[in-house]
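The structure appears right after this line, and notes come after that.
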2 protein chains.
Amino acid sequence: MFAALGDETRLSLLALIGQGSGLSITRLTRGRGVTRQSITKHLGCLADAGLVRRVRRGRETCFVLRPESLEEARRSLERISRQWDEALERLRAMVEEDDGPSRAG
Amino acid sequence: MFAALGDETRLSLLALIGQGSGLSITRLTRGRGVTRQSITKHLGCLADAGLVRRVRRGRETCFVLRPESLEEARRSLERISRQWDEALERLRAMVEEDDGPSRAG
DNA sequence: ATTTCATGCAACGTTCTGGTTGCACGACGG
DNA sequence: CCGTCGTGCAACCAGAACGTTGCATGAAAT
């Protein structure tokens, strides 16, 4: 999922979808200087990561955001930050004694 | 930066660094089934993305987390979610009238 | 029915990425 | 000093990712 977010095109695509929910592929392709197929692939990638959802509307395929996934990503990041905090606190505790981190792993 | 997070190895590396700050490259390589050089590259990638910082300690190079960057990533995600919320509200406003989103773009 | 529009699929080429090997260098311990 | 440990750098390879072209299909407009 972070891999899906890790591409410039996909990230901007995601932002665009977030702004105007329900945009078609052709619409999403405008002004990017790449072909529609390329965008289609990126969109597939985003959908595959669960970040967007495909909605068929007549002859066009529209995409809508799935905020739940974004939330999930944020939580992952938060978890890592939190580990950092805990590590810091543990470190501080160790410094109190003068033994050192012999069994740190 | 999301690209840096988008790799399984790097993500776990980041988590490990978060747990035991100040781990050396060789230490970080243990039990991964890949060579030290590979890990070195990943670490360079993380450092390049500003997610970790290199700290030279004698003959070994240790890595420490930079929580600020994680925070920044979380904010990006939050911004996109937020856009979604706003879009939703705008959409609702349109439905109130009975015209529909004809000039959505 | 025909034309046009929006897509989907598959094959292909090029560029990145992740991983490996081999070698050189600086730091630590005896 | 000498041997060992932990790194850094460069060359190289295989597989994945990005992007393109060409063609086929279903829906909307005329």
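Note that these values count all heavy atoms, side chains included, but never hydrogens, waters or copies made by symmetry. In the text below, chain A, chain B and the rest are named by the order of the sequence lines, each starting its count at 1.
- Rounded to whole Å, the distance from CZ on B/R10 to C1' on C/dC16 is 12 Å.
- Using a 4.5 Å cut-off on side-chain heavy atoms (C-beta onward), B/T29 and B/T40 make no contact.
- Within residues 48-61 of chain B, the residues that place at least one heavy atom under 4.0 Å from DNA chain D are, in residue-number order, B/R54, B/R56, B/R59, B/E60, B/T61.
- Not a single donor-acceptor pair under 3.5 Å links the side chain of B/R36 to the backbone N or O of B/R30.
- The two residues A/G18 and A/L65 have their closest heavy-atom pair at CA-CD2, 3.8 Å.
- Sorted by first and then second residue, the pairs that involve residues 60-73 of chain A and meet side chain to side chain donor-acceptor pair (under 3.5 Å), not counting sequence neighbours, are A/R56-A/T61, A/R66-A/E68, A/E71-A/R74.
- Atom NE2 in B/H42 sits 11.5 Å away from atom CG in B/L28 (nearest 0.5 Å).
- Relative to the axis of its first five pairs, the axis of the last five pairs of the helix from C/dA1-D/dT30 to C/dG30-D/dC1 sits at 30°, rounded to 10 degrees.
- The shortest heavy-atom contact between B/L5 and B/L11 is O-CD1, 3.8 Å.
- Between the A/R53 side chain and the A/C62 main chain, no donor and acceptor come within less than 3.5 Å of each other.
- For B/R10 (side chain) and B/A4 (main-chain N/O), a donor-acceptor pair under 3.5 Å exists by modelled atom type.
- Sequence order on DNA chain D of the closest nucleotides to A/V34 and B/T40 puts B/T40 first from the 5' end.
- In this model, a donor atom of one side chain and an acceptor atom of the other lie less than 3.5 Å apart for B/R32 and B/S12.
- The side-chain heavy atoms of B/T9 and B/I39, taken from C-beta on, include a pair separated by under 4.5 Å.
- Side-chain contact between B/I17 and A/I80: absent, with no pair of heavy atoms (C-beta onward) separated by less than 4.5 Å.
- Straight-line distance from the CG atom of A/L13 to the P atom of D/dG19: 11 Å, rounded to whole Å.
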Would you list the protein and nucleotides 12-14 of chain C atom pairs, both N or O, that sit under 3.5 Å from each other?
none

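- Of all non-hydrogen atoms in A/F2 and A/A73, the two that sit nearest each other are CZ-O, 3.8 Å.
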Polar atom pairs (N or O), protein with nucleotides 22-25 of chain D, under 3.5 Å:
{"from": "D/dG22", "atom 1": "O6", "to": "A/Q37", "atom 2": "NE2", "distance (Å)": "3.2"}

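- Dashed line: the shortest gap from a side-chain N or O of B/T26 to OP1 or OP2 of D/dC5 is not under 4.0 Å.
- Taking 4.5 Å as the limit, every side-chain heavy atom of B/V52 sits out of range of all side-chain heavy atoms of B/V64.
- With rounding to whole Å, B/R27 atom CZ is found 17 Å from D/dT7 atom C1'.
- Using a 4.5 Å heavy-atom cutoff, the side chains of B/L46 and B/F63 are not in contact.
- Summarising the geometry, the separation between CZ on A/R32 and C1' on D/dC18 is reported as 14 Å, rounded to the nearest angstrom.
- Summarising the geometry, atom CZ belonging to B/R82 is positioned 7.5 Å from atom CD belonging to B/E78; distances are rounded to the nearest 0.5 Å.
- Contact check, A/H42 against D/dG19: a side-chain N or O comes under 4.0 Å of OP1 or OP2.
- If you check residues 2-9 of chain A against DNA chain C, you find no residue with a heavy atom closer than 4.0 Å.
- Note that CG of A/L14 is 8.5 Å distant from OG of B/S81, once rounded to the nearest 0.5 Å.
- Between C/dT20 and B/T35, a contact under 4.0 Å exists linking OP1 or OP2 to a side-chain N or O.
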